[in-house]
Amino acid sequence: MVLIICDKHVEGDISADNLFTDFPELRTHSEALFSLAPRTVRAEERHVYVGQREMAVGARGDGLEILGSEDATTCHIVILRDLTSDRGVTGLGHLDSEDPAQLLSLEAAVRQRVGSAGPWEYEVSLVGGYKDDRSCSRDITDSLLFTMKVWNV
């Protein structure tokens, strides 16, 4: 799989330790996201809340206004948007483990919802993974980056 971050093709290994150094734009994007005020979701808004170790997939026409999660500290919220179809398929997973099966399950659910034979192209956003004393976040980030780099899609 080709991994592109901030319009740059990723060559070789990539890790959480060098992510902001190799891609300084990510720090700017992260700081902008972090500075946003939390948004309260109203009961009348059509939404799906994704808790820790859960995932959901939605598409245009589902009547869904918001697909969201919260409280990703050491865990990661992964947003996976399909770019190969016009169906507007988006998956969101709240992943708390370095086990690649969590990310691969989310990708399989998005692929199934798209319903085509591929090849697939995704836009991926990662939220969370804050620096912690036990390096849990770093391990999860490294696993996600490695899994995306070797994806066979």
Side-chain angles (χ1 to χ4, degrees), residues 1-39 41 48-60 66-114 116-153:
M1 158 126 194
V2 175
L3 181 60
I4 299 170
I5 299 177
C6 296
D7 296 324
K8 295 178 190 170
H9 185 270
V10 176
E11 298 286 343
D13 294 335
I14 182 150
S15 73
D17 292 334
N18 65 355
L19 202 55
F20 286 150
T21 305
D22 293 350
F23 305 96
E25 310 94 304
L26 289 179
R27 181 178 300 280
T28 304
H29 295 307
S30 296
E31 289 169 352
L33 181 62
F34 190 71
S35 69
L36 295 175
R39 182 187 184 291
V41 177
V48 171
Y49 177 83
V50 177
Q52 190 169 339
R53 296 186 190 144
E54 294 180 336
M55 68 177 167
V57 176
R60 224 176 268 119
I66 299 169
L67 185 61
S69 191
E70 64 181 344
D71 297 333
T73 52
T74 56
C75 34
H76 294 53
I77 296 169
V78 178
I79 303 155
L80 193 61
R81 297 173 199 248
D82 168 62
L83 300 178
T84 57
S85 75
D86 60 356
R87 300 195 59 220
V89 177
T90 300
L92 187 146
H94 191 133
L95 313 182
D96 67 350
S97 164
E98 60 190 88
D99 181 358
Q102 289 185 327
L103 179 60
L104 294 173
S105 293
L106 177 63
E107 189 273 331
V110 169
R111 186 174 0 109
Q112 180 180 13
R113 186 68 192 271
V114 170
S116 69
W120 296 278
E121 183 179 343
Y122 303 112
E123 176 184 279
V124 181
S125 299
L126 301 177
V127 180
Y130 302 106
K131 190 173 183 179
D132 63 286
D133 293 338
R134 295 180 303 149
S135 298
C136 295
S137 294
R138 186 191 69 220
D139 294 343
I140 295 170
T141 302
D142 286 346
S143 175
L144 291 170
L145 291 169
F146 178 79
T147 302
M148 285 187 279
K149 185 113 168 89
V150 299
W151 253 341
N152 189 17
V153 294

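For the single chain, residues carry numbers from 1 onward in sequence order.
Between the side chain of Ser137 and the main chain of Tyr130, a donor-acceptor pair closer than 3.5 Å is present. A donor-acceptor pair under 3.5 Å is formed between the side chain of Arg87 and the backbone N or O of Arg113. The backbone N or O of Cys136 sits nowhere less than 3.5 Å from a side-chain atom of Asp139 that would complete a donor-acceptor pair. Looking only at distances, no side-chain donor or acceptor of Asp96 sits under 3.5 Å from a matching main-chain atom of Cys75.
Residue Ser97 holds its OG atom at 9.5 Å from CG of Leu144, rounded to the nearest 0.5 Å. From Arg111, atom CZ reaches atom OH of Tyr122 across 5.5 Å, with rounding to the nearest 0.5 Å. The OG atom of Ser85 sits 11.5 Å away from atom CD of Glu121, with the distance rounded to the nearest 0.5 Å. The CG atom of Asp17 lies 6.5 Å from the CG atom of Asp142; values are rounded to the nearest 0.5 Å. Separation of atoms NE2 (His76) and CD (Gln102) is listed at 11.0 Å; rounding is to 0.5 Å. Expressed to the nearest 0.5 Å, how far CG of Asp22 lies from CD1 of Ile5 amounts to 8.5 Å.
In terms of the side-chain hydrogen bond (donor to acceptor under 3.5 Å, both in side chains) criterion, Ser30 has no residue partners (sequence neighbours excluded).
When only modelled atom types and interatomic distance are considered, Tyr49 and Glu54 share no side-chain donor-acceptor pair under 3.5 Å.
In this structure, Leu19 and Thr141 approach most closely via the heavy-atom pair CD2-CG2, 4.4 Å. Scanning both residues, Ile77 and Ser69, for their nearest heavy atoms gives CD1-CB, 3.7 Å. Listed here is the closest heavy atom pair of Lys149 and Gly12: CE-O, 2.8 Å. When all heavy atoms of Ile140 and Thr74 are compared, the pair lying nearest together is CD1-O, 3.6 Å. Taking all atoms of both residues into account, the shortest heavy-atom contact from Val48 to Ala56 is CG1-CB, 3.9 Å. In this structure, Glu70 and His94 approach most closely via the heavy-atom pair O-CE1, 3.0 Å.
Inter-residue side-chain proximity for Val78 and Met55 is flagged as unmet; no heavy-atom pair is nearer than 4.5 Å. Put simply, the side chain of Arg39 reaches to within 4.5 Å of the side chain of Ile66, judged on heavy atoms. Side-chain contact between Asp132 and Thr73 is absent, with no heavy-atom pair separated by less than 4.5 Å.
Heavy-atom neighbours of Asn18 CG from other residues, nucleotides or ligands within 6.0 Å: above the threshold of 12. Other residues, nucleotides and ligands place no more than 12 heavy atoms under 6.0 Å from the CZ atom of Phe146. Summarising the local packing, NZ of Lys131 is surrounded by 12 or fewer heavy atoms from other residues, nucleotides or ligands at distances under 6.0 Å.
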Problem - CA sep, side-chain torsions, deciding dist, call: Met148, Val10, side chain to side chain contact (heavy atoms under 4.5 Å, CB included) - result: CA-CA 11 Å; Met148 285 187 279; Val10 176; over 6 Å; no
Practice task
Starting from the C-alpha separation in whole Å, work towards a yes-or-no answer on side chain to side chain contact (heavy atoms under 4.5 Å, CB included) for Phe23 and Ile14.
Solution key: CA-CA 11 Å; Phe23 305 96; Ile14 182 150; 3.3 Å; yes
